[in-house]
Amino acid sequence: MEKGYLSLILHAHLPFVRHPEYEDFLEEKWLYEAITETYIPLLKVFDKLVEDGVDFRITMTMSPTLLSMLLDPLLIKRYVRHLEKLIGLSFREIKHNHHNPPFLAIAQMYNRNFEEILELFTGRYRSNLPQAFKRLQDLGKLEIITCAATHCFLPLQEIYRPAIRAQIKTAADHYEKIFGRRPRGIWLPECGFQPGDDRILMEEGIKFFITDSHGVLHASPLPKYGIFAPIYCESGVAAFGRDIESSRAVWSAEEGYPGHPDYREFYRGIEEIKYCRITGEVPLENKEPYVREWAVSRAAEHAGNFMFNREKQIEHLNGFLGIKPIVISPYDAELFGHWWYEGPEWINFLIRKIYYDQKTIKLLTPFEYLEMNPENQVSTPSLSSWGFKGYAEVWLEGSNAWIYRHLHKAAERMIELAKNYSGNTRALNQAARELMLLQSSDWAFIMKTGTCVPYAVKRTKDHLERFTRLYEQIKAGTVDEHFLSDIESKDNIFPDIDYRVYAS
Amino acid sequence: MRKKKVAPKKVVRKKTVKKPVRKKVVAKKKIVRKKRVKVVPVISEIRAEESKYYTPKAEHQHFKEKKGFEFPSRYNECKIVAMVRDPYWIYCYWEVNFKPEGAVCLRINNVDNWEYFDIETGSADNWFINVPHSNTTYCIDLGYKTADGRFVLIARSNWVTTPLDRPSDVIDEKWTIPDWNKIYELSGGGKYGRSSADLSSPGKKFRR
């Protein structure tokens with residue numbers, strides 16, 4: 001009999017990036033790379049586990065923006081084009097490295113890999129990855145949870161609660177249309193929780209969410225089991241707190257597994273073809289060639305280590321707490337494969353080891369835990385996020401604080417429109433789309449990290465401009481049809497959006 | 001399936017003593033929005049969570065920007081909005097659509113006891129305010145000071161509550177805790193906010 005539970009949670013999200021007005025757009029590659037390196041490799045791992053009869057449970061967010069892009073015909077077409085180009089590149093790389101055996105082997109590995117991905121994408125998955133994930137959910141192996149519609153960091157929108165409701169309701173409706181039922185859980189963007197938001201979740205039928213550790217540890221009254229059991233908010237929605245110990249093992253740049261010298265180096269390479277292993281603390285040009293066998297056996301070893309540590313942790317907690325604890329281990333899904341190339345292998349080994357090699361821990365979803373343990377303490381989690389320093393600072397600091405004046409004004413105006421105007425439903429719905437795209441927390445995050453700031457500023461500006469023009473036109477009663485059609489074709493997210501959600 | 005909820009029966013409050021609100025301005029930081037955005041993608045500083053937004057060639061703007069729309073510098077209103085950054089910092093931005101007859105000033109009110117302190121803000125239109133208490137509700141009055149020192153209100157902000165920066169003092173009798181310190185430690189307590197970016201000190205427990 002197991003002594004406790006491990007809940008692996010993968011948060012898959014990318015902001016909505018789609019530029020039909022350009023033939024090629026650099027930031028659209030975020031999606032293509034994540035499909036090739038993360039989403040399809042994860043699907044491959046999960047499908048093979050099912051095929052081999054290995055039981056497992058994984059909880060996975062698929063953010064509404066990501067789902068929308070994965071289902072978009074233009075982006076699907078462009079992805080296939082991108083992959084075909086990559087295959088062409090890999091052939092050229094094979095030729096180029098003909099007399100360089102270690103590099104030749106690596107180029108061949110990528111070539112085989114890309115060919116397989118293309119075949120899977122267009123063949124088995126029929127260019128519809130959400131359906132492939134849905135199948136795993138329907139088999140009971142995967143619990144797909146939702147996210148705020150455009151990954152809006154909710155605590156910073158607190159003054160306009162209808163805007164928060166719109167983010168949640170639009171997401172839940174979108175989820176239902178794709179997966180055939182309401183979402184049971186939600187990944188609050190960046191784990192950003194503000195007491196009271198749980199009521200909105202409850203109204204949409206959502207049963208649980210994840211907070212960072214201190215969201216639960218600083219809950220009031222004091223939570224009896226710390227982060228090792230969920231707490232119920234007053235609304236009845238459960239909050240699960242993130243486990244620090246297991247997070248660190250994977251996330252940490254210094255001591256985490258992904259920094260091991262045998263694993264593939266993220267930076268040096270051409271497109272998705274990267275030849276080196278991390279090697280150690282050496283300059284990029286001195287990195288050594290990647291050796292696939294070493295990396296895979298290292299991933300197996302690290303999976304064993306992770307499992308061993310969780311067994312010890314759970315055994316100890318079980319003895320001390322007198323309950324079967326649940327350890328919540330959430331990660332960005334894109335960490336596995338995109339950043340940590342061997343990450344999907346690590347998950348594969350971990351699941352198999354847990355299934356075959358031990359009896360102390362069992363993989364479980366938060367929802368299953370609640371079904372088995374419906375009695376939990378009532379306590380209010382504190383305002384928190386999983387960002388640097390634990391609160392809102394990442395999204396509210398010198399580089400990005402200036403955006404909120406505009407974001408709030410747009411939300412205020414959207415509420416005004418929804419309450420006072422009807423008639424031009426198309427324009428009103430498009431205004432709601434523009435507002436939501438404006439609210440993506442990704443833009444503020446990018447402004448802070450400084451990786452591609454002009455793009456984040458452009459997106460903030462574009463959506464504010466489009467929203468403001470629509471607002472003025474709707475109020476004046478003269479909507480420019482040409483303009484409306486143009487932005488409808490560009491920002492085509494959430495075809496079934498209903499602006500009236502802002503009037504509630 | 002219906003959940004059985006267990007409501008807290010009796011709430012024991014341990015400490016209620018509060019320190020008086022400091023009247024002086026503790027710290028301040030002003031942001032000026034830069035017109036031209038600097039891009040500094042130092043490769044070695046990009047971390048796991050940022051890697052999904054990483055495109056090697058995106059360091060420079062690669063798209064055309066049409067001219068025309070600029071972020072409005074004002075919306076022609078008198079308004080102040082407050083937002084919580086963390087247990088001890090509140091951010092606010094404001095706008096005044098007339099010329100006040102004195103220096104613009106923020107009055108930070110603790111709405112639990114209506115103690116307050118003032119900050120003179122010069123020509124700024126936003127401010128990070130260091131507040132003395134976590135788990136406390138504040139609202140901020142935007143106003144100006146007349147020559148004889150009176151505070152004239154222009155607008156009042158929304159109320160915001162800073163979060164608790166430590167475990168709660170409230171204990172639920174039905175869920176009494178034999179050894180909270182141990183549970184806190186096992187839960188990684190005191191190390192909150194350790195995201196991927198700053199997991200610096202390795203935990204020794206459970207490590208091989």
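Per chain, numbering begins at 1; letters A, B, ... match sequence-line order. Note: hydrogens, waters and symmetry copies are ignored here, and every other heavy atom, side chains too, is used.
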* To do: For A:Glu412 and B:Lys79, run salt bridge (charged side-chain N to carboxylate O under 4.0 Å, His left out): C-alpha distance rounded to whole Å, both residues' side-chain angles, the deciding distance at 0.1 Å, then the answer.
  => CA-CA 13 Å; A:Glu412 180 192 300; B:Lys79 184 181 175 181; 2.8 Å; yes
Would you check if the distance from the ring center of [X] to the ring center of [Y] is below 6.0 Å?
| X | Y | answer |
| --- | --- | --- |
| A:Tyr391 | B:Trp89 | no |
| A:Tyr404 | B:Tyr91 | no |
| B:Tyr53 | A:Tyr455 | no |

Interface moiety of [X] toward chain B, non-hydrogen atoms closer than 4.5 Å:
| X | value |
| --- | --- |
| A:His13 | both |
| A:Glu465 | both |
| A:Ala456 | neither |
| A:Ile159 | side chain |
| A:Asn400 | neither |
| A:Ile446 | side chain |
| A:Lys409 | side chain |

Out of curiosity, [X] [atom1] to [Y] [atom2], how far, rounded to the nearest 0.5 Å?
| X | Y | atom1 | atom2 | answer |
| --- | --- | --- | --- | --- |
| A:Leu321 | B:Asp179 | CG | CG | 10.5 Å |
| B:Ile183 | A:Tyr225 | CD1 | OH | 8.5 Å |
| A:Glu27 | B:Tyr54 | CD | OH | 13.0 Å |
| B:Lys52 | A:Asp332 | NZ | CG | 4.0 Å |
| A:Leu222 | B:Trp180 | CG | CH2 | 4.0 Å |
| B:Lys174 | A:Lys224 | NZ | NZ | 9.0 Å |

Check: [Y] and [X] side chains under 4.5 Å, non-hydrogen atoms:
| X | Y | result |
| --- | --- | --- |
| A:Pro223 | B:Asp172 | no |
| B:Phe71 | A:Thr460 | yes |
| A:His406 | B:Pro72 | yes |

* Asked: Who wins among A:Asp442, A:Asp462, A:Thr468, A:Leu335 for the most heavy-atom pairs under 4.5 Å with chain B?
  -> A:Asp442
* To do: Would you please test A:His338 and B:Ser51 for side-chain contact (heavy atoms from CB on, under 4.5 Å) and show each step?
  => CA-CA 8 Å; A:His338 180 57; B:Ser51 65; 3.9 Å; yes
* Structure fact -> Nearest heavy-atom approach of A:Ser220 to B:Ser168 is OG-OG, 2.7 Å
* To do: Looking only at non-hydrogen atoms, find the nearest pair between A:Ile244 and B:Ser187 and report the distance.
  => CG1-O, 4.2 Å
Quick check on [X] against chain A: is it the side chain, the backbone, both or neither that has a heavy atom closer than 4.5 Å?
| X | answer |
| --- | --- |
| B:Thr162 | neither |
| B:Asp86 | both |
| B:Val84 | both |

* Derivation of the side-chain contact (heavy atoms from CB on, under 4.5 Å) call for A:Arg413 and B:Tyr75 -> CA-CA 12 Å; A:Arg413 287 175 167 178; B:Tyr75 288 99; 3.7 Å; yes
* Starting from the C-alpha separation in whole Å, work towards a yes-or-no answer on side-chain contact (heavy atoms from CB on, under 4.5 Å) for A:His316 and B:Leu186. => CA-CA 10 Å; A:His316 182 80; B:Leu186 288 170; 3.9 Å; yes
* How are the rings of A:Phe25 and B:Phe63 set to each other: parallel, tilted or perpendicular (split at 30° and 60°)? -> parallel
Any salt bridge between [X] and [Y], counting N to O under 4.0 Å?
| X | Y | answer |
| --- | --- | --- |
| A:Glu21 | B:Lys64 | no |
| A:Glu397 | B:Arg85 | no |
| B:Glu77 | A:Arg405 | no |

* **Residues B:Tyr93 and A:His408: side-chain donor-acceptor under 3.5 angstrom** => yes
* Cationic tip of A:Lys461 within the cone over B:Phe69's six-membered ring, i.e. under 6.0 Å and within 45° of the normal? -> no
